[in-house]
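In what follows, a structure is listed as structure tokens, so that the remarks can point back to it.
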There are 2 protein chains.
Amino acid sequence: MMGERVSIRLMLADDHRMLREGLRRSMTEHGFDVVGEAADGAEAVDMAGELTPDVILMDVTMPELDGVEATRLVKAANPAIRVIMLTMHADQEVLAAAIRSGASGYLVKDCSTEEIADAIRSAVSGETTLSPALAASMLNEVRKLDPPEQPEEDRVVTKREEEVLQLIADGCSTPEVAERLYISQKTVKNHLASIYQKLDARDRTQAVLQAVRMGIVSLD
Amino acid sequence: MMGERVSIRLMLADDHRMLREGLRRSMTEHGFDVVGEAADGAEAVDMAGELTPDVILMDVTMPELDGVEATRLVKAANPAIRVIMLTMHADQEVLAAAIRSGASGYLVKDCSTEEIADAIRSAVSGETTLSPALAASMLNEVRKLDPPEQPEEDRVVTKREEEVLQLIADGCSTPEVAERLYISQKTVKNHLASIYQKLDARDRTQAVLQAVRMGIVSLD
DNA sequence: TGGCAAATGAGTCGAACGGACTATTCAGGC
DNA sequence: GCCTGAATAGTCCGTTCGACTCATTTGCCA
């Protein structure tokens, strides 16, 4: 209400002094208030608890405690603190871990100070920033994981057999399946025998598991 | 080898003539060769087949055939054609569909022509570009989907029961499990009875399915 | 039109299954 | 020292399962 613009309180966590000093200088020029510097993850967690900065610029690779774990601890102790992770390379596994740790941004270190400043301001307003390189990397991962979709309607088992399988998966016994489908137990058993052959299973448990693996039935 | 720099052949697909003309002008200024314009998805697919452009700038929302489906068809017919999707808003569902369709970039329409030009050049060299807004949106989605991690070692079933479950899941019958674990069939049945209670199952099939759902056993 | 796959039904038989009840041994915690 | 839970083992009994063989009806397609 009073309009007095309070500058954003920033904390740096990186094990390279030179990089910290460079960051401190450029972030100060961008109008941020650098209130503290930590040289490793453990120090960062402690310092964050004392200083409660608005935003932490945290390197991923640090001694004692890596940036991901440090971020997790900081967020656990004080969820209001925003953490922006800095990383050397667009490593897919690290990125996944970083995402889970609850950071508000993921930047590769070769980005400009303007980009960092933007990311800090976005983080304060609750937004998330991702370096293009990291975004693309994540995208490829998602694309890699996703394609397991096989729209080919191979239909290994017949419609009826599929119904039987789903009911079995839902917890029905042979008599119950027969009742549900208004057919005799014999017929159900015949369908099952056919299913066992087709799915290379020797009992209903294996058949259902195989069907789940093949996406023929759902687990719910 | 001859050094003659061939410009990138571009195709536009958007149902708004004005936007197409604006794009054509600015892309031409950026040195691209705009070889065609389509006003809807179906036209885009046909035209792509005839012109085989290097890159298509494809709007997501179009009459006849939406951009996602059109992209899928174009990539199916000619995987070498790169498609960059343009979208109005960072809609999560559309983004997911777009990712699956195999495009090489996803830009929100308020980005600059320089950004579009960069994305086109990246697409030609096989890279993927994502608008920051879309990246953040996707990130939130991943974060939402991921947390279901429960590292709590609740150990619903005992070690031994888990072994039995895994063997059952691997296709063993009660006698076989007994043999494998060097215990009597009776004991296996005791374990199973205990498992049924704990997992609220009434037979081995349900028990294994529940165990799979709970991540107690693996499906290979 | 002839043949083939799907869906239905049936019989027998031995093995496997699941429930109910009981029991012993052993380790860890109160 | 007592109690609990895990792991072991047993009996009895009725049900369910899966293998094997066979038969009928439908619908489709070559």
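In the text below, chain A, chain B and the rest are named by the order of the sequence lines, each starting its count at 1.
Look at CG on A/Asp203: it is 10 Å from C1' on C/dA16, rounded to the nearest Å. Nucleotide D/dT21 holds its C1' atom 13 Å from the NZ atom of A/Lys186, rounded to whole Å. Distance, A/Gln206 CD to C/dA16 P: 16 Å, rounded to whole Å. To the nearest angstrom, P of C/dT8 lies 8 Å from CG of A/Leu181. Rounded to whole Å, the distance from CD1 on A/Ile183 to P on C/dA6 is 16 Å. A straight line from OH of A/Tyr196 to P of C/dA16 spans 15 Å, rounded to a whole angstrom. Computed from coordinates, the A/Glu179 CD to D/dT16 P distance equals 12 Å when rounded to whole Å. A straight line from CG of A/Leu165 to P of C/dA7 spans 12 Å, rounded to a whole angstrom.
Of the side-chain N and O atoms in A/Arg204, one or more sit less than 4.0 angstrom from OP1 or OP2 of D/dC17. Dashed line: the shortest gap from a side-chain N or O of A/Arg202 to OP1 or OP2 of D/dA19 is not under 4.0 Å. Distances shown here put every side-chain N or O of B/Thr187 at or beyond 4.0 Å from the OP1 or OP2 atom of D/dA7.
Checking C/dA7, C/dA16, D/dA7 against the side-chain heavy atoms of A/Lys159 singles out C/dA7 as nearest. The side chain of B/His191 has D/dA7 as its nearest neighbour among D/dA7, C/dG18, C/dA7.
Counting non-hydrogen atoms under 4.0 angstrom, B/Thr174 reaches the backbone sugars and phosphates but no base.
The existence of a salt bridge linking B/Lys159 and B/Glu162 is excluded, since no basic side-chain nitrogen approaches an acidic carboxylate oxygen closer than 4.0 Å.
Judged by distance alone, the side chain of B/Asp54 and the main-chain N or O of B/Ile8 form no donor-acceptor pair under 3.5 Å.
The nearest heavy atom of DNA chain D to B/Ser184 and to B/Lys198 marks one nucleotide each, and the one closer to the 5' end goes with B/Lys198.
We find the CZ-CZ distance between A/Arg121 and A/Arg82 to be 16.0 Å, quoted to the nearest 0.5 Å. Taken from CD in A/Glu161 to CG in A/Leu199, the straight-line distance is 8.5 Å, to the nearest 0.5 Å.
For D/dA9, its base sits under 3.5 Å from the side chain of B/Asn190 at one donor and acceptor pair at least.
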### Task
Start with the C-alpha distance between A/Val34 and A/Met11, add both sets of side-chain angles, then the distance that settles side chain to side chain contact (heavy atoms under 4.5 Å, CB included), and finish with yes or no.
CA-CA 6 Å; A/Val34 180; A/Met11 203 187 104; over 6 Å; no
